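Before any comments, here is the structure.
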2 protein chains.
Amino acid sequence: MGRVVVDVMPKPEILDPQGKAVAGALPRLGLDQFVSVRQGKRFELEVEGDVTPEVLAAAREAAERVLSNPIIEDVVNVVDAAAEVSQA
Amino acid sequence: MGRVVVDVMPKPEILDPQGKAVAGALPRLGLDQFVSVRQGKRFELEVEGDVTPEVLAAAREAAERVLSNPIIEDVVNVVDAAAEVSQA
């Protein structure tokens, strides 16, 4: 099974109340390194076989037509999950 | 300014109605390659200077204590945005 990761973030000029709320909570936990927090969406799309260029193109189309609202959001990543840098 | 990306996904065993709704909509647009869709959250945490190991550790603590609900969600990525593979 292949997996494509699609990341969608609010456009920079768009107000992000959720991000602001989180940014406000962090210092109360002693985590005062962060000057701002923005919250977006992460999707994982699974396919039967491998993530081919055609699959990535279909994921990009899905990202632009269904997974994001182009007026207030940007699609910032459409990537094969296997290629993703992960340090959880 | 440095940026840390934190990705949070619902635990695999948790029902994901939003992901199911999206998965159901894609074939109607001719996008029938995807067997499932899961929706999670992506955060971008900004810091004044560089993303140091200490900053990453603080971001991981924020991820576990504020940005995710450990009962239903997993923190899947805590990574310097500069190191992220991006192909939007």
Side-chain angles (χ1 to χ4, degrees), chain A residues 1-10 16 18-19 21-23 25-26 28-49 51-52 54-63 65-67 74-88, chain B residues 1-10 16 18-19 21-23 25-26 28-49 51-52 54-63 65-67 74-88:
Chain A
M1 296 283 250
R3 244 172 344 120
V4 179
V5 172
V6 172
D7 289 322
V8 173
M9 291 300 288
D16 177 6
Q18 282 175 303
V22 170
L26 294 181
R28 289 198 295 273
L29 299 173
L31 300 168
D32 51 14
Q33 299 84 341
F34 305 106
V35 296
S36 78
V37 174
R38 294 201 315 138
Q39 178 172 343
K41 298 179 283 191
R42 170 189 164 95
F43 296 91
E44 292 184 4
L45 288 69
E46 231 172 17
V47 287
E48 289 289 352
V51 176
T52 61
E54 292 72 26
V55 164
L56 277 176
R60 193 162 299 127
E61 186 179 347
R65 294 179 63 191
V66 180
L67 307 180
D74 290 320
V75 176
V76 298
N77 273 327
V78 176
V79 65
D80 182 344
E84 205 181 22
V85 175
S86 166
Q87 293 152 11
Chain B
M1 296 285 252
R3 244 172 345 120
V4 179
V5 172
V6 172
D7 289 322
V8 173
M9 290 301 287
D16 178 6
Q18 281 175 303
V22 170
L26 295 181
R28 288 199 295 275
L29 298 174
L31 299 169
D32 50 15
Q33 298 84 341
F34 306 105
V35 297
S36 77
V37 173
R38 294 200 315 139
Q39 178 171 343
K41 296 178 284 192
R42 171 188 164 95
F43 297 91
E44 292 184 6
L45 288 70
E46 231 172 19
V47 287
E48 288 289 350
V51 175
T52 61
E54 293 72 26
V55 165
L56 276 176
R60 195 162 297 126
E61 187 179 344
R65 294 178 64 189
V66 179
L67 307 180
D74 290 321
V75 177
V76 297
N77 273 328
V78 176
V79 65
D80 181 344
E84 205 181 22
V85 175
S86 165
Q87 292 151 12

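Per chain, numbering begins at 1; letters A, B, ... match sequence-line order. Note that the structure is predicted; figures quoted are calculated from it, not measured.
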Exercise for review: Look at atom CD of B:Gln18 and say whether more than 12 heavy atoms of other residues, nucleotides or ligands are closer to it than 6.0 Å.
Suggested key: no

Exercise for review: Give, as side chain, backbone, both or neither, the part of B:Ala23 having an atom under 4.5 angstrom from any heavy atom of chain A.
Suggested key: neither

Exercise for review: For chain B, find which of A:Val37, A:Val35, A:Leu67 contributes the most heavy-atom pairs closer than 4.5 angstrom.
Suggested key: A:Val35

Revision key, fill the gap. Side chain to side chain contact (heavy atoms under 4.5 Å, CB included) test vs B:Phe43 passes for just one of A:Arg42, A:Gln39, A:Arg38, namely A:Gln39

Review point. B:Leu31 versus chain A, heavy atoms under 4.5 Å apart: side chain, backbone, both or neither?
Key: side chain

Point to revise | Engaged part of A:Leu26 at the chain B interface, taking heavy atoms whose separation is under 4.5 Å | key: side chain

Practice item. Find out whether A:Leu29 and B:Glu61 are in side-chain contact, i.e. whether some heavy atom of one side chain is under 4.5 Å from a heavy atom of the other. Key: no

Point to revise | A:Ala63, part contacting chain B, at a heavy-atom distance under 4.5 Å | key: neither

Study note, to complete from the structure: B:Phe34 and A:Val55 have their tightest heavy-atom pair at CZ-O, 3.9 Å

